[in-house]
Amino acid sequence: MQVIRLEALSDNYIFLLHVDAERLVGRHRQQNIAAVVDPAEPQPVLKKLAELKADLVAIFNTHHHNDHVGGNKRLMEQFPQLIVYGGAEDRGRIPGQQVFLQQGDRVQFADRIAEVIFVPGHTRAHIVYYFPPEKSGETGELFCGDTLFSGGCGKLFEGTPTQMVDSLSKIRSLPDDTRVWCAHEYTLKNLKFALSLDSNNTDLQKYFDQVQAYRNRGEATIPSLLGVEKRTNPFLRWDHPSLQSAVNKSDAVQSFARIREMRDNF
Ligand code: ZN
Ligand code: FE
């Protein structure tokens, strides 16, 4: 499975999952198929599908915000057979939703299976899709919407700090070499904030330099690696002593809440 990153709106990414036709011939009937994660808008998706001559078979939505579902309707018109997946709690909020997913559910695309992880916090219904590696040479792929950003996390629109810590804990337990496909290019600003709290973190300094160089060249910083996030992202480090002392808290949820509040005002 190939993941293709498409730019959309001002800073969104849409991810197109595509299977290499030749490799799957004989094992699967549909040979040139794609699925899309969080189509913010239809045009970039339709354009890439035309280039690939691929059929769109699924939309995987992480949550109901318009910059994640804005392309659903148009894509369904073009590909009436496709299936729209989203979280069970999002019933009534995702255009065209047909499948209502809960923690632990599995969804298939071509020869890969994704595990659904329920991660309320940014919204009360948010889910992420995790494709574990199934054979050697494959990497784990995490499509995390607006729950985890590189260097940051989603704002708490419909959830509490307790819920978000619980949700991010689930993500933090995945393997370090998981590729993290975040839905927005917020990395540079996130890392400026992270450095303001955690300036002695040498992994963070190194990652910041890398990200700055990427952005100076106009390149994307997504996907990130979960191992890098665990070492640098303040929103995965609520229990780390240096972060806790930077925000003057000793409790995990209180530290997280304070870091989130500071980021909201950064
Ligand atoms: Zn959102
Ligand atoms: Fe968003």
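The figures here come from the full heavy-atom set of this structure, side chains too, leaving out hydrogens, waters and symmetry mates. Read the numbers this way: they start at 1 and go in the same order the structure lists the ligands and their atoms.
Within the coordination shell of the Zn ion (ligand 1), defined by N, O or S atoms under 2.8 Å, His122 is present. Among the backbone and side-chain atoms of His65, an N, O or S atom lies under 2.8 Å from the Zn ion (ligand 1). Using a cut-off of 2.8 Å, one finds that Asp67 contributes no N/O/S atom close to the Zn ion (ligand 1). Residue contacts to the Fe ion (ligand 2): His65 brings no N, O or S atom closer than 2.8 Å.
Using bins of under 30°, 30° to 60° and over 60° for the plane-to-plane angle, the ring pair Tyr85/Phe60 lands in the tilted bin. Relative ring orientation between Phe149 and Tyr186 is described as perpendicular, the plane-to-plane angle rising above 60° on a 0-90° scale split at 30° and 60°. The aromatic rings of Phe256 and Phe235 lie perpendicular to each other, with more than 60° between the two planes, well past the 30° mark.
Atom OD2 is the N, O or S atom of Asp146 at the shortest distance from the Zn ion (ligand 1). Shortest distance from the Fe ion (ligand 2) to His184 is reached at NE2 (N/O/S atoms only). Counting just the N/O/S atoms of Asp146, the one with the shortest distance to the Fe ion (ligand 2) is named OD2. Atom OD2 is the N, O or S atom of Asp67 at the shortest distance from the Fe ion (ligand 2).
Between Arg93 and Glu158 there is a salt bridge, since a side-chain N of the basic residue sits under 4.0 Å from a carboxylate O of the acidic one.
Checking side-chain atoms of Ser199 against main-chain N and O of Ser196 turns up no donor-acceptor pair under 3.5 Å.
Heavy-atom contacts from other residues, nucleotides or ligands closer than 6.0 Å to CD of Gln2 number more than 12.
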